[in-house]
Amino acid sequence: MDITWATNLPLKITVARESKDQNQPFDEKIFYTSSKLLSFLPAAVNEVRQFFKRDKETPVWFSYHGSVIRWHLPVGLLLDLYNVCTDVWPIEVNFSQVPPEIEDLSMSLLESSFCMSLKEADQIRSRSERINLFQKQDFKRIWNAIMNSSLEEWRSVANQLLQSKAGDFKIPVKFHYDNTYFQNPTEIEDTVQSALEKALTGQQFSPENFKVILLGTELAPDMCLRDLSDFSYPDTFLHLVLQRA
Amino acid sequence: MSESTQEKVEILLRAVGDAPVLKKNKFKLNRTQKIAFVSDFLRKATKCEDEERIFLYIHQAFSPTMDSPIGTLFDNHASDNKLVVHYSKTPAWG
């Protein structure tokens, strides 16, 4: 857990062909930066605009091998989703209208999207009983903890949500695949396999066709979800990725 | 438990605050459709200006991400076989 919070992912950012402007000599250059695994790509927008000499009104979005990057998801999750195996993630920046499949996320919208995810997780965990006790400053502290990569600070706030109580205690889990995700209520005794079966009920996919990935590691099907809850993302969801087996 | 992906599910739209109330507020939608579809529909139905936003809430507690499939939200959050979605033109629950 501590390692995940500290891990920096180097990013190599080039301008997408469609967005290149002949009058912008910097458009042929490469911008190197980095992101924490548990942070989000919209946090890089300002420095990217600055490097490629675009004003602050210019829309920005990122793509990888031509696919729109779903940037409301944490970077570590994106690496699993797009099966990135390189040490440096080469992505393209686009300076055109943000495509309809993603939201145009300013930093304040990103923050509110994160807080909503935290609330969604707690609705599943405690029917919002615990998050309802959160004050405005608790949300602010937990967000700042991510921006400052402070696991200690995150823990001091998030523990109010995560302390298990007797009675029903559900683990918020999403299985991400391609441009969507699967989810169905899980119980505390569920394994990776049984949770996946529940999530894929009624879908056209069969659990046997997938391996389940968390931060680059394939999970054993009989692992108990409860044992994985330490590996939840900062929004307290256990975000797992399905890759074709 | 979810039905087949072809099935439709019922969604009930409820206005919050001064958001306009719709004449028809119950719909059957495809499970695979994303909640962004409902957001776009509401923007048109409530005559949102370009700079205005529409906020959707589930359980009067959280806003779903726009990539959420309606069937998945239904499986996790429906009650009485209906997914109730509150909508507002200003932030209502945080």
Side-chain angles (χ1 to χ4, degrees), chain A residues 68 70-73 81 99-105 108-124 126-132 134-136 138-139 170 172-186 197-205 235 237 239, chain B residues 1-9 16 29-44 48 50-79 81 83-94:
Chain A
V68 181
R70 298 166 64 212
W71 61 356
H72 64 287
L73 300 173
L81 194 59
E101 58 263 46
I102 57 169
E103 286 179 85
D104 188 359
L105 290 176
S108 65
L109 287 178
L110 176 68
E111 181 179 343
S112 88
S113 150
F114 168 80
C115 291
M116 284 302 167
S117 201
L118 199 62
K119 290 180 178 189
E120 181 178 356
D122 199 62
Q123 169 67 31
I124 294 165
S126 77
R127 294 180 172 265
S128 299
E129 196 181 281
R130 293 172 211 169
I131 200 95
N132 283 345
F134 258 41
Q135 307 284 321
K136 209 173 174 181
D138 292 318
F139 286 106
K170 296 183 191 302
V173 53
K174 287 185 178 180
F175 290 93
H176 296 265
Y177 178 66
D178 196 14
N179 64 357
T180 191
Y181 67 88
F182 307 110
Q183 184 188 11
N184 235 329
T186 55
E197 282 166 7
K198 284 180 180 172
L200 292 181
T201 310
Q203 304 290 343
Q204 76 259 40
F205 300 107
D235 62 3
F237 260 105
H239 289 291
Chain B
M1 283 293 148
S2 53
E3 305 298 323
S4 136
T5 43
Q6 308 304 320
E7 294 272 327
K8 293 190 172 200
V9 292
V16 180
L29 297 176
N30 282 330
R31 298 181 58 89
T32 49
Q33 213 139 21
K34 302 284 172 78
I35 196 75
F37 172 81
V38 174
S39 175
D40 289 346
F41 165 78
L42 280 168
R43 286 187 67 87
K44 284 180 203 138
C48 260
D50 278 354
E51 67 281 3
E52 273 186 311
R53 286 190 66 201
I54 196 103
F55 297 85
L56 307 187
Y57 294 94
I58 308 250
H59 291 304
Q60 304 182 38
F62 72 91
S63 299
T65 53
M66 287 297 117
D67 58 354
S68 302
I70 286 167
T72 303
L73 291 174
F74 181 89
D75 292 339
N76 287 275
H77 303 292
S79 44
N81 224 19
L83 177 68
V84 181
V85 177
H86 285 81
Y87 61 94
S88 167
K89 288 200 169 189
T90 50
W93 290 281

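Order of the sequence lines fixes the chain letters, A, B, ..., with proteins taken first and strands second; residue numbering starts at 1 for each chain.
Rounded to the nearest 0.5 Å, atoms NZ (A/Lys119) and CD1 (B/Ile58) are 13.5 Å apart. In this structure, NE2 in B/His77 is found 4.5 Å from CD1 in A/Ile124, a value given to the nearest 0.5 Å. A distance of 6.0 Å separates OG1 in B/Thr72 from CD in A/Gln203, rounded to the nearest 0.5 Å. Here the straight-line distance linking atom OG of A/Ser117 with atom CZ of B/Phe62 works out to 9.0 Å at 0.5 Å rounding. Summarising the geometry, atom CG belonging to B/Asn76 is positioned 10.5 Å from atom CD belonging to A/Gln123; distances are rounded to the nearest 0.5 Å. Expressed to the nearest 0.5 Å, how far NE2 of B/His59 lies from CZ of A/Arg127 amounts to 7.0 Å.
Counting heavy-atom pairs closer than 4.5 Å to chain B, the top residue among A/Tyr181, A/Phe139, A/Phe182 is A/Tyr181.
Heavy atoms of other residues, nucleotides or ligands lying less than 6.0 angstrom from CG of B/Asn81 number 12 at most.
Counting heavy atoms from C-beta on, the side chains of A/Arg70 and B/Thr65 never come closer than 4.5 Å.
With sequence neighbours excluded, the residues forming a ring-ring contact (aromatic ring centres under 6.0 Å, His included) with B/His86 are B/Trp93, listed by chain and number. Residues passing the salt bridge (charged side-chain N to carboxylate O under 4.0 Å, His left out) test with A/Asp235: none are found, sequence neighbours excluded.
For A/Glu120, the parts sitting under 4.5 Å from any heavy atom of chain B are the backbone and the side chain alike. Contact annotation for A/Asn132: neither backbone nor side-chain heavy atoms come within less than 4.5 Å of a heavy atom of chain B.
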